[in-house]
2 protein chains.
Amino acid sequence: MQLVEDHCAKTGQDCAHGRTACADCKVRLHSICAALEQDELHALEALSHPTRYGARATLFSQDEPADSVFNVTEGMVRLYKLLPDGRRQIVGFALPGDFLGLALMDRFGVSAEAVGDVSVCRFQRKGFAAYIDTKPHLLRRLHEFAGHELSLAQDQMVLLGRRSAEERVASFLVGLRERLARIGQKSVTLALPMSRQDIADFLGLTIETVSRTMTRLARDKAILIVPDGVRLLRPEHLEAIAAR
Amino acid sequence: MQLVEDHCAKTGQDCAHGRTACADCKVRLHSICAALEQDELHALEALSHPTRYGARATLFSQDEPADSVFNVTEGMVRLYKLLPDGRRQIVGFALPGDFLGLALMDRFGVSAEAVGDVSVCRFQRKGFAAYIDTKPHLLRRLHEFAGHELSLAQDQMVLLGRRSAEERVASFLVGLRERLARIGQKSVTLALPMSRQDIADFLGLTIETVSRTMTRLARDKAILIVPDGVRLLRPEHLEAIAAR
DNA sequence: GCGCGGTTTTGACGTGCGTCAATGTCATGG
DNA sequence: CCATGACATTGACGCACGTCAAAACCGCGC
């Protein structure tokens with residue numbers, strides 16, 4: 001996943017580090033931009049509709065026709081499924097550089113909401129697909145990306161099916177840290193813009209269990225709970241719990 | 001997912017119905033063969049190494065280099081992940097027509113074992129990739145297939161994170177029935193070649209809970225437990241529980 | 001038939017996490 | 001400054017599912 005670095009080295013821009021979008025590359029195709037030449041990037045950008053969403057805004061919702069594809073450029077998006085009785089499972093959080101609705105047919109099957117304020121590049125599905133058809137190597141890249149997502153989903157299955165509350169919370173923190181590091185934020189202090197309810201719905205727990213578990217980790221000096229986030233005091237310890 | 005039907009109508013063979021492979025199509029590309037012309041199918045078949053595995057044989061295992069791609073033609077394969085302490089999560093069961101190792105990079109991250117006896121077409125990853133590069137429409141198909149798998153994985157996350165034991169078992173039975181129906185076995189009597197331990201590890205439960213839950217469903221006359229399988233007596237009832 | 005090993009079922013009991021409810025924290029706004 | 005409301009934490013308690021252990025079942029070989 002050094003792809004952005006590649007691209008940035010090539011263009012001399014720092015679109016990877018979360019500050020601004022490239023002057024020549026508003027679209028944040030972190031995981032695939034290295035496969036694209038400059039003119040291809042521009043072509044893709046020309047197709048995109050840059051859009052902003054406020055906190056809690058809905059990008060799309062399950063069972064609705066999926067006529068758009070999104071590339072997140074700023075902020076965080078929660079992807080979730082609702083059961084008829086209101087139970088919710090968050091199936092993922094999308095960060096800058098992530099694609100939404102890529103590997104989809106005609107329905108999403110998943111809903112997406114902005115966690116805080118969010119910027120995206122939206123594409124008409126049809127136009128996007130048509131462009132991709134002209135760039136086979138780009139399609140391969142997208143396919144690899146889908147494989148990566150599938151692998152994350154499988155890890156999440158293990159977490160939900162077989163791990164204790166403590167292991168879930170530790171994996172969550174460590175996993176988030178890794179993802180943030182990959183897009184240029186390598187701090188040991190993690191921003192957690194999502195609510196405890198979101199974390200609980202992601203980890204298959206309740207608010208209370210998440211809260212108690214974090215308190216316990218804090219008591220053990222593994223983390224420090226700060227406003228809107230967490231500082232990892234003993235990342236090795238968390239990793240040990242997560243890898244268990 | 002009527003694709004096999006399309007292909008079979010075209011070729012006049014009945015490769016879809018689980019009896020034999022097509023005379024002209026040993027490879028069972030259920031989900032993609034409709035995208036292929038006859039000569040393309042033959043080209044693909046020429047690349048394949050038909051292989052048989054006995055019960056419990058390992059097709060590949062997590063952390064091992066993934067140099068092959070598999071197309072299941074007969075039998076059932078369990079895909080699972082192991083935690084260091086031996087806990088196991090089955091992330092899926094592969095049926096005839098399914099691909100294994102498709103959307104993968106250099107490692108599988110997942111292990112695969114034959115449940116009973118299994119036949120597959122194995123491909124060298126490199127050769128397979130090279131062939132696919134010459135057929136962009138085939139790659140698109142594979143990509144759609146990956147999207148379908150991702151969607152199944154997300155459903156499984158909801159199941160593991162938010163559903164009761166009864167809901168898990170009912171969804172499992174109904175889901176398996178649907179998948180079997182799609183490959184031509186439309187009976188209300190399901191073969192369950194996998195052990196209770198497998199079912200438990202798939203559903204994030206224990207053997208005992210699976211057993212008790214099935215017994216309860218049987219007492220309620222929703223199912224009838226038969227040797228190595230289950231007959232669905234009131235599928236609507238199960239579907240109601242599963243959809244809940 | 002009988003014994004044997006593996007799997008499944010059943011029962012009695014334990015516990016990790018869920019539920020319910022009270023309390024604390026913090027931002028917002030009058 | 002206090003009132004308000006949203007969210008997070010904490011505590012007391014309950015329950016669905018896990019654990020442990022004892023049958024029961026089911027080929028399979030002799």
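Because the structure is a prediction, the values reported are computed rather than measured.
If you check residues 165-175 of chain B against DNA chain C, you find no residue with a heavy atom closer than 4.0 Å. Shown for residues 207-226 of chain A: residues whose heavy atoms fall under 4.0 angstrom of DNA chain C, namely A:Glu208, A:Thr209, A:Arg212.
Within the 4.5 Å cutoff, the side chain of B:Thr58 has no heavy atoms near those of the B:Ser111 side chain. At least one side-chain heavy atom of A:Leu217 sits less than 4.5 Å from a side-chain heavy atom of A:Ile241. Side-chain contact between B:Val110 and B:Leu100: absent, with no pair of heavy atoms (C-beta onward) separated by less than 4.5 Å. Between A:Arg168 and A:Phe172, every side-chain heavy-atom pair lies at or beyond the 4.5 Å cut-off. Counting heavy atoms from C-beta on, the side chains of A:Thr215 and A:Arg219 come closer than 4.5 Å.
Between A:Arg162 and A:Gln197, the residue anchored nearer the 5' end of DNA chain D, judged by the nucleotide with its closest heavy atom, is A:Gln197.
Residues in residues 79-97 of chain A take part in these side-chain hydrogen bond (donor to acceptor under 3.5 Å, both in side chains) pairs, two or more places apart or across chains: A:Tyr80-A:Glu113, A:Lys81-B:Asp155, A:Asp85-A:Arg87, A:Arg87-B:Glu167, A:Arg88-A:Asp198, A:Arg88-A:Asp201.
Between A:Leu238 and A:Ala170, the shortest heavy-atom contact is O-CB, 3.8 Å.
A distance of 9.5 Å separates CD of A:Gln156 from CG of B:Leu160, quoted to the nearest 0.5 Å.
Looking at heavy-atom distances under 4.0 Å, B:Arg56 makes contact with sugar-phosphate atoms alone, never a base.
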